[in-house]
Amino acid sequence: MTTGALHPTRGAIEAAAPPARSLATLAAGYRGGIALALLLVVVENVAWIVEPSRFGPVLDALIAVAQKTPGASALVPLVLWIGVFALNSSAGVLRRWLEPRIYLRIHADVVAGVVRSGRERGLAVGVIAARAELSREVIDFLQYRVPEMLEQGIAVGGALVALGFLDWRIALACALVVGPLLGMRATYRRRILPLQQEVHDRLEGALDTIASRDVAEVRRYYLEVAAPRRAIARWGALSFGVMRLVLLAVFLVVLFVAIDLDDFTTGQLYTIVAYLWTFVTSTEYVPELLESWSAITDLARRFGAPAEGVGAG
């Protein structure tokens with residue numbers, strides 16, 4: 001592995017000024033390091049989604065061995081499962097070791113781009129400082145949210161495919177969750193984005209408010225910042241509750257199919273439950289990921305748009 005993959009390509013610093021004008025532009029400037037990190041995410045999570053399908057046969061083989069079934073052996077299933085588990089673990093370790101080196105360097109370049117862009121536009125020092133701080137959200141989105149989206153996409157898609165091989169009715173019941181997910185996406189675009197814009201608008205005045213040293217004013221200011229965040233939290237709680245109700249219905253359908261309509265082995269039942277649980281826990285992340293996407297959409301617009309109504313410093 002060459003260290004060049006961890007360094008920005010030529011012109012990457014320019015791409016970071018202003019940062020997040022386009023996440024694709026920013027990612028392209030550091031494509032070597034980001035691509036390496038995301039490749040490890042894919043390897044880790046594909047191995048993770050394959051693992052239950054390898055552990056189910058281990059259970060069946062061990063039960064056959066315990067029952068002294070002629071010719072029964074758990075060696076091959078066990079070796080295959082350990083191999084998949086080792087691949088998942090090694091990719092996870094390497095990713096967690098490399099990511100700080102990649103994204104901390106990007107963050108330093110992005111903050112420099114924010115300061116240079118703000119200076120060229122004649123923005124107030126307080127606004128530049130606030131945007132430099134908010135730029136951390138851009139890096140966190142690349143470092144944590146983009147991998148999480150990949151992880152949840154692999155988990156949901158992989159679980160549906162695996163369940164489809166076991167019983168198409170189970171996969172169909174899980175696929176019905178897609179409707180509520182699309183509805184939540186539209187709701188977040190319409191409701192949450194304006195609230196995220198309000199949060200960021202108010203945070204840009206943080207430095208000036210604190211510089212006043214008026215304790216009452218500082219408290220009032222942060223209570224105002226908290227108001228749209230509370231509204232965002234309420235929408236997130238509502239979305240979570242709706243998803244839980246939908247997933248409860250899916251659970252009941254799957255249990256009925258798995259227990260009453262099919263004659264699964266112990267290992268197959270384990271595999272179904274493992275994939276079903278993966279599917280459920282992954283879809284629960286959707287409201288949080290949508291909230292992050294709304295925030296980063298506003299930051300991309302904010303950092304890339306000309307200043308309006310902002311005093312010069």
Side-chain angles (χ1 to χ4, degrees), residues 5-8 12-13 15-42 44-45 92 94-115 117-118 127-155 185 188-189 192-193 195-204 206-207 222 225-226 228-229 232-233 235-236 239-240 282 284-304:
L6 303 182
H7 293 274
I13 307 302
R21 174 173 294 165
S22 163
L23 280 176
T25 301
L26 181 60
Y30 301 85
R31 56 184 174 272
I34 293 176
L36 176 60
L38 294 182
L39 175 62
L40 290 171
V41 171
V42 171
E44 178 185 358
N45 285 276
L94 184 58
R95 174 167 76 94
R96 287 158 178 79
W97 180 71
L98 282 176
E99 277 184 347
R101 299 179 60 193
I102 296 169
Y103 290 105
L104 288 174
R105 179 183 297 276
I106 296 175
H107 186 220
D109 292 343
V110 166
V111 171
V114 170
V115 173
S117 176
V127 173
I128 295 174
R131 292 190 177 186
E133 182 63 25
L134 286 171
S135 70
R136 181 68 240 182
E137 291 189 31
V138 177
I139 307 306
D140 285 346
F141 186 84
L142 285 172
Q143 183 174 358
Y144 301 112
R145 295 310 191 190
V146 171
E148 281 179 9
M149 289 177 181
L150 270 177
E151 290 169 7
Q152 307 317 321
I154 292 170
R185 182 173 178 271
Y188 267 74
R189 183 185 300 154
I192 303 301
L193 182 56
L195 292 171
Q196 290 287 5
Q197 291 172 343
E198 186 178 350
V199 170
H200 294 151
D201 284 341
R202 295 184 177 184
L203 285 176
E204 287 188 349
L207 185 61
Y222 278 98
V225 173
R229 284 178 166 169
I232 292 171
W235 277 105
S239 301
F240 179 82
S282 296
E284 285 177 349
Y285 273 102
V286 169
E288 185 178 346
L289 293 176
L290 288 174
E291 180 183 328
S292 294
W293 180 255
S294 297
I296 209 68
T297 299
D298 177 60
L299 289 178
R301 177 199 61 79
R302 186 175 303 269
F303 290 152

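Since this is a predicted model, take the numbers as computed values, not measurements.
- Minimum heavy-atom separation, V41 to N45: O-ND2, 2.7 Å.
- Side-chain contact between M149 and F141 is present, with heavy atoms from C-beta onward closer than 4.5 Å.
- Each of V146, D140, L142 was checked for a side-chain contact (heavy atoms from CB on, under 4.5 Å) with Y144, and the lone residue meeting it is D140.
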- Task: Mind running side chain to side chain donor-acceptor pair (under 3.5 Å) on D109 and Y30 for me, showing each step along the way?
- Result: CA-CA 11 Å; D109 292 343; Y30 301 85; 2.8 Å; yes

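- Between the CD1 atom of I139 and the CD1 atom of I106 there is a distance of 6.0 Å, given to the nearest 0.5 Å.
- Counting all heavy atoms, side chain and backbone alike, Y103 lies closest to A37 at OH-CB, 4.0 Å.
- Smallest separation of non-hydrogen atoms from P147 and E99: CG-OE2, 4.4 Å.
- Here the closest non-hydrogen pair linking G92 and R96 is O-NH1, 2.9 Å.
- Geometrically, R95 does not engage W97 in a cation-pi contact defined by less than 6.0 Å to the ring centre and at most 45° from the axis.
- With a 4.5 Å cut-off on side-chain heavy atoms, L150 and L38 count as touching.
- Ion pair R145/E151 not flagged as a salt bridge, since none of the NZ, NE, NH1 or NH2 atoms sits closer than 4.0 Å to an Asp/Glu carboxylate oxygen.
- Distance check: L39 CG to I34 CD1 gives 13.5 Å after rounding to the nearest 0.5 Å.
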